[in-house]
Amino acid sequence: MAAQLTDSENAVIAAATPRYSRCKIEIGPRLSPAGGVAITGIDLSRPLPTAIRDRNAAFHTHHIVVFPQQVLTREQQFAFGAQFGSVEPAAGRGHGSKRYGVAHIISNLDQDGKPVDRSALPLSNYHWHTDKPYYRVPPMMTALYAVELPPAGGDTEFANTAMAYAALDGDTRRRIDGLRVVFYLGASAAGSACPSDAESRAAVAHPLVRTHPETGVKALYLGNHASHILGQPLAEGRALLKRLLAHATRPEFRYLHRWRVGDLVIWDNRCLLHRAVANFNLNQHRRILHRTVVRGTVPV
Ligand code: SIN
């Protein structure tokens with residue numbers, strides 16, 4: 001059943017969003033057991049009506065919120081994100097550049113604008129990860145906006161790490177509660193290299209089982225950029241992380257988002273992993289999205 005807003009809430013929203021004044025804002029049914037919900041009838045280029053901002057509940061309940069049919073400049077996307085908290089500056093350069101401060105371009109294009117398949121590179125977004133876990137204060141939310149897509153495929157897949165934690169047996173939970181994961185940019189538990197001195201200096205350690213600051217629910221915190229377990233031999237910690245990642249990304253914990261141009265999707269990095277899916281010809285078709293991330297809190 002679609003959870004609909006009340007008529008008075010819709011009236012408030014319609015007044016604030018004239019472009020959608022004849023649409024009803026609707027919060028749809030859950031998109032998968034692992035999460036996801038679509039909210040339709042809202043124009044995100046305008047400030048969020050209070051009735052929706054208060055519906056952070058949708059974000060906390062469903063973890064992934066899809067807003068279809070948006071038309072957003074990068075500045076408007078930044079303004080949207082800023083309503084949820086402090087937007088991470090993307091090491092800003094000029095307006096047309098990939099790293100324009102207000103929204104980063106995620107694409108498979110090379111410097112000449114030609115599509116190229118870099119999905120196998122260790123730092124690519126095609127590996128399971130949570131955004132920027134190598135920050136001392138990692139982001140809580142990411143907003144990704146679809147600008148140009150391949151004719152088919154180019155999906156983003158999510159894995160619910162709170163469901164994965166809850167599904168672990170008691171012995172494993174007791175064994176991993178209290179462990180800390182060492183993260184640094186480019187680390188991978190699947191790789192075997194030791195961190196260099198520079199990487200060790202830049203590394204941060206976060207709880208392997210983190211507690212969501214809003215809901216109190218425990219979730220695994222791992223993925224690409226996770227190197228090893230603090231205080232354990234590298235090989236032992238890496239083997240544990242690899243096993244837990246395989247568990248956390250089991251099909252029943254996943255939601256696959258099939259993009260349409262104009263979708264803006266927000267997700268909760270504190271209880272989800274995600275990855276782009278290389279299910280199209282990356283050397284032939286363009287895939288362009290705009291990304292903003294909103295700062296969270298130190299994981300506990
Ligand atoms: C990301 O990793 O933040 C982007 C995922 C994607 O390209 O689908």
Side-chain angles (χ1 to χ4, degrees), residues 31-32 34-36 59 63-68 70 72 74 77-78 80-81 84-85 87-91 98-110 115-135 138-161 183 185-188 221-226 245 248-249 254-283 285-296:
L31 295 169
S32 78
F59 184 55
H63 323 300
I64 305 148
V65 185
V66 182
F67 297 97
Q70 301 302 317
L72 295 173
R74 288 162 88 180
Q77 182 171 339
F78 178 93
F80 166 76
F84 291 83
V87 176
E88 290 279 356
K98 183 177 162 85
R99 292 186 184 278
Y100 181 41
V102 303
H104 182 82
I105 298 177
I106 303 271
S107 82
N108 62 328
L109 306 185
D110 67 12
V116 53
D117 186 350
R118 288 177 294 223
S119 59
L121 294 180
L123 277 184
S124 98
N125 49 332
Y126 289 76
H127 306 291
W128 286 111
H129 65 284
T130 172
D131 282 331
K132 304 179 194 290
Y134 43 81
Y135 281 10
M140 60 109 167
M141 185 185 104
T142 298
L144 198 59
Y145 173 61
V147 175
E148 193 175 334
L149 296 169
D155 310 326
T156 301
E157 191 165 32
F158 299 89
N160 183 324
T161 57
F183 289 96
L185 179 64
S188 161
Y221 198 55
L222 70 181
N224 216 21
H225 313 296
L245 185 64
T249 54
R254 295 191 200 175
Y255 164 68
L256 181 79
H257 184 66
R258 297 199 165 91
W259 292 96
R260 290 180 179 206
V261 168
D263 281 355
L264 181 129
V265 174
I266 60 175
W267 68 80
D268 194 331
N269 283 298
R270 299 164 294 190
C271 56
L272 295 170
L273 290 163
H274 64 277
R275 65 172 178 182
V277 185
N279 55 357
F280 68 105
N281 185 341
L282 280 87
N283 286 314
H285 298 297
R286 291 155 59 97
R287 179 181 188 268
I288 305 174
L289 302 105
H290 292 171
R291 186 179 79 164
T292 44
V293 294
V294 176
R295 193 169 292 143

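Just follow the structure's listing: the first ligand is 1, and inside any ligand the first atom is 1.
- Shortest contact from atom 3 (O) of ligand 1 to any protein heavy atom: Arg291 NH1, 3.0 Å.
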Point to revise | Worked verdict on Leu273 versus Leu245 for side chain to side chain contact (heavy atoms under 4.5 Å, CB included) | key: CA-CA 9 Å; Leu273 290 163; Leu245 185 64; 3.6 Å; yes
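- Note: no N/O pair closer than 3.5 Å links Trp259 and ligand 1 by distance alone.
- The aromatic rings of Trp259 and His257 sit perpendicular to each other, their planes meeting at more than 60°, with 30° as the lower class boundary.
- Distances between N or O atoms of Arg287 and those of ligand 1 include at least one value under 3.5 Å.
- Residue Ala276 approaches ligand 1 through these ligand atoms, each under 4.0 Å from one of its heavy atoms: 6 (C), 7 (O), 8 (O).
- Salt bridge status for Arg291 with Asp131: present, with a side-chain N to carboxylate O gap under 4.0 Å.
- Protein heavy atom nearest atom 8 (O) of ligand 1, with residue, atom name and distance: Thr156 OG1, 2.5 Å.
- For the 3.5 Å distance criterion, the side chains of His129 and His225 fail to qualify, holding no donor opposite an acceptor.
- Relative orientation of the Phe158 and His274 rings is tilted, given thresholds of 30° and 60° on the angle between their planes.
- Annotation: atom 1 (C) of ligand 1 to nearest protein heavy atom, His274 NE2, 3.3 Å.
- Residue contacts with ligand 1, taken as heavy atom pairs separated by less than 4.0 Å, do not involve Thr142 at all.
- Counting heavy atoms under 4.0 Å from ligand 1, residue Arg275 does not touch it at all.
- Among Asn108, Asn125, Asp131, Ile106, the residue whose heavy atom lies closest to atom 5 (C) of ligand 1 is Asn125.
- With hydrogens and angles disregarded, a donor-acceptor distance shorter than 3.5 Å links the side chain of Tyr145 to the backbone of Gln70.
- Formation of a donor-acceptor pair under 3.5 Å by the Asn108 side chain with backbone atoms of His285 is found in this model.
- Ligand-side atoms of ligand 1 in range of His129: 1 (C), 2 (O), range being under 4.0 angstrom from any heavy atom.
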